[in-house]
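When reading the values below, keep in mind they use all heavy atoms of this one structure, side chains included, and skip hydrogens, waters and symmetry mates.
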Amino acid sequence: MTTGARWRKLGWVLFFLAPSAVPLLLFTVAPMVSSVWVSLHEWNLISPMKWVGLDNYRSLLGDPGTRTVFLHTLIYCAGYLPLVFAGGLGLALALNQKLAGRSFFRAAYFLPVVTSWVVVALVWKWLLNPTNGLVNTLLGAVGAPQPGWWTDPNWALPAVILSSAWKDLGFVMVIMLAGLQAIPQDVLEAAWADGANGWQRFWRITLPLLSPSTFFVVIISLINGFQVFDQVYVMTGGGPSGSSQVVVGQIYDLTFRYGRAGEASALSWILFAVILVITAVQIRGQRRWVHYA
């Protein structure tokens with residue numbers, strides 16, 4: 001191939017990549033690079049930026065408030081991940097059976113996934129209303145305690161976790177359902193012929209063969225968990241008394257409430273580093289427990 005032909009081929013490649021590459025560069029790569037520069041300055045979004053170097057990072061790492069919002073985010077992930085995984089896997093196992101109306105139930109459980117977070121959060125805020133919400137009404141009817149939910153510092157974060165897990169159950173269900181349908185039936189039938197009961201088949205065969213799907217769900221759920229914002233902002237606003245404030249909520253407040261865009265950018269890069277490390281550890285550790293058929 002001549003040099004001219006190579007350049008023409010490259011030109012056509014760039015031409016067809018441009019519709020997706022240009023927006024990616026303008027609206028993703030450029031803002032990321034800009035945020036690095038902003039993180040090295042003191043800036044209130046109005047006055048000219050003032051160079052402070054790494055002072056924003058030092059102040060954030062030494063600030064107890066930063067540790068608090070990271071702790072809240074970790075608590076959120078610790079509550080959200082088991083709920084959404086166990087619930088999604090349970091739904092997948094149930095809807096993998098030959099049931100009447102199976103397609104309807106699959107669609108119904110997936111519907112919240114494509115619903116706006118604002119809508120879901122508002123609905124759950126109403127359901128968990130301490131005074132006249134449906135959940136507390138039902139709890140009171142059976143004589144159970146009625147928590148304050150999003151108005152109580154001890155229950156605000158659990159309320160957000162509950163709504164988040166409910167919304168994302170359908171996503172996990174679809175991933176695990178695909179994994180279940182990829183398991184060779186002859187393997188399960190052979191185990192049944194050898195006398196393995198249902199629990200043994202699930203624990204010894206199904207769950208190990210679902211490990212690639214499990215790995216994907218854990219990675220995605222943790223990344224999403226560390227970036228939780230919409231439901232917190234709508235349901236609790238980070239309150240009461242900061243009891244449900246998370247990292248991305250703190251980034252938002254630093255930028256638009258307190259006019260400290262430099263610190264907000266620095267905090268976003270600290271969050272990026274934490275997510276990167278956790279993801280790298282998970283990818284490295286998958287060799288021990290993920291089994292590809």
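Applying side chain to side chain contact (heavy atoms under 4.5 Å, CB included) to Gln250 and the options Thr68, Leu271, Val69, Leu60 leaves one that passes, Val69. Of the residues listed (Asp168, Leu157, Val228), the one engaging Tyr80 in a side chain to side chain contact (heavy atoms under 4.5 Å, CB included) is Asp168, and it is the only one.
Linking Ile, Leu, Val, Met, Phe, Trp and Tyr whenever their side-chain heavy atoms come within less than 4.5 Å leaves Leu45 and Val52 in two separate clusters. One hydrophobic cluster, built from ILVMFWY side chains closer than 4.5 Å, cannot hold both Val33 and Ile251; they sit in different ones. With hydrophobic clusters built from ILVMFWY side chains whose heavy atoms lie under 4.5 angstrom apart, Leu95 shares a cluster with Val114. Residue Leu93 is grouped with residue Phe104 when hydrophobic side chains (ILVMFWY) are merged at heavy-atom distances under 4.5 angstrom, including chains of intermediate members. By the criterion of side-chain heavy atoms lying less than 4.5 angstrom apart, applied directly or through intervening Ile, Leu, Val, Met, Phe, Trp or Tyr residues, Ile220 is grouped together with Leu91 in one hydrophobic cluster.
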Which is it for Asn44 and Ser47 under the side chain to side chain contact (heavy atoms under 4.5 Å, CB included) test, yes or no, and what are the steps along the way? CA-CA 6 Å; Asn44 63 3; Ser47 304; 3.4 Å; yes
With side chain to side chain contact (heavy atoms under 4.5 Å, CB included) as the test, would you mind laying out the steps for Val281 and Arg284 before giving the verdict? CA-CA 5 Å; Val281 169; Arg284 185 173 181 83; 5.9 Å; no
Under the side chain to side chain contact (heavy atoms under 4.5 Å, CB included) criterion, do Thr279 and Leu276 qualify, and how do the steps go? CA-CA 5 Å; Thr279 304; Leu276 182 65; 5.7 Å; no
Mind running side chain to side chain contact (heavy atoms under 4.5 Å, CB included) on Trp149 and Asn136 for me, showing each step along the way? CA-CA 9 Å; Trp149 297 113; Asn136 272 9; 2.8 Å; yes
May I have the step-by-step check of side chain to side chain donor-acceptor pair (under 3.5 Å) for Ser35 and Ser265, ending in yes or no? CA-CA 6 Å; Ser35 71; Ser265 295; 5.4 Å; no
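With a 4.5 Å cut-off on side-chain heavy atoms, Asp253 and Gln245 count as touching. In this structure the side chain of Ile278 reaches within 4.5 angstrom of the side chain of Phe226, judged on heavy atoms. With contacts defined as side-chain heavy-atom distances shorter than 4.5 Å, the pair Thr66/Leu61 does not qualify. Side-chain contact check for Val118 versus Gln231: every heavy-atom pair is 4.5 Å or farther apart. Taking the side chain as every heavy atom from C-beta outward, Glu263 and Ser59 approach each other to under 4.5 Å. Contact of the Asn56 side chain with the Leu40 side chain is not registered, since no non-hydrogen atoms from C-beta on lie closer than 4.5 Å. Side-chain contact check for Val246 versus Phe229: every heavy-atom pair is 4.5 Å or farther apart. Under the 4.5 Å side-chain criterion, counting only non-hydrogen atoms from C-beta, Thr214 is in contact with Met176.
In this structure, Trp192 has no ring-ring contact (aromatic ring centres under 6.0 Å, His included) partners at least two apart in sequence or on a different chain.
Applying the 6.0 Å contact sphere to CZ of Arg204 captures no more than 12 heavy atoms from other residues, nucleotides or ligands. No more than 12 heavy atoms of other residues, nucleotides or ligands lie within 6.0 Å of CZ in Phe105, so this atom counts as exposed by the packing criterion. For Phe215, the CZ atom is densely surrounded, since the number of other residues' heavy atoms within 6.0 Å is greater than 12. Environment of CD in Glu42: sparse, with no more than 12 heavy atoms of neighbouring residues, nucleotides or ligands closer than 6.0 Å.
Minimum heavy-atom separation, Ala266 to Ser39: N-CB, 3.5 Å. Of all heavy-atom pairs between Leu210 and Leu180, the closest is CD2-N, 3.5 Å. Considering all non-hydrogen atoms of both residues, Cys77 and Leu222 come closest at CB-CD2, 4.1 Å. Taking all atoms of both residues into account, the shortest heavy-atom contact from Leu139 to Pro147 is CD1-CD, 3.9 Å. In terms of heavy atoms, Ile175 sits closest to Ser213 at O-OG, 3.8 Å. Here the shortest heavy-atom pairing between Gly148 and Pro130 reads O-CG, 2.9 Å.
Ile270 CD1 to Ile275 CD1: the interatomic distance, rounded to the nearest 0.5 Å, is 12.5 Å. Put simply, OG on Ser221 and CZ on Phe216 are 8.5 Å apart, with the number rounded to the nearest 0.5 Å. Taking NZ of Lys125 as the start and OG1 of Thr151 as the end, the distance is 10.0 Å to the nearest 0.5 Å. We find the NZ-CG distance between Lys167 and Leu169 to be 11.0 Å, quoted to the nearest 0.5 Å. Between atom CG of residue Leu207 and atom CZ of residue Arg201 there is a gap of 14.5 Å, rounded to the nearest 0.5 Å. To the nearest 0.5 angstrom, Gln282 atom CD is 7.5 Å from Ile223 atom CD1.
Relative ring orientation between Phe202 and Trp199 is described as tilted, the plane-to-plane angle lying within the 30° to 60° band.
Between the side chain of Ser244 and the backbone N or O of Gly239 there is at least one donor-acceptor pair closer than 3.5 Å. At least one donor-acceptor pair closer than 3.5 Å links the side chain of Arg102 to the backbone N or O of Gln97.
Annotation: Trp37 is in aromatic contact with Trp51 [ring centroid separation under 6.0 Å].
A side-chain donor-acceptor contact under 3.5 Å links Tyr76 and Ser164.
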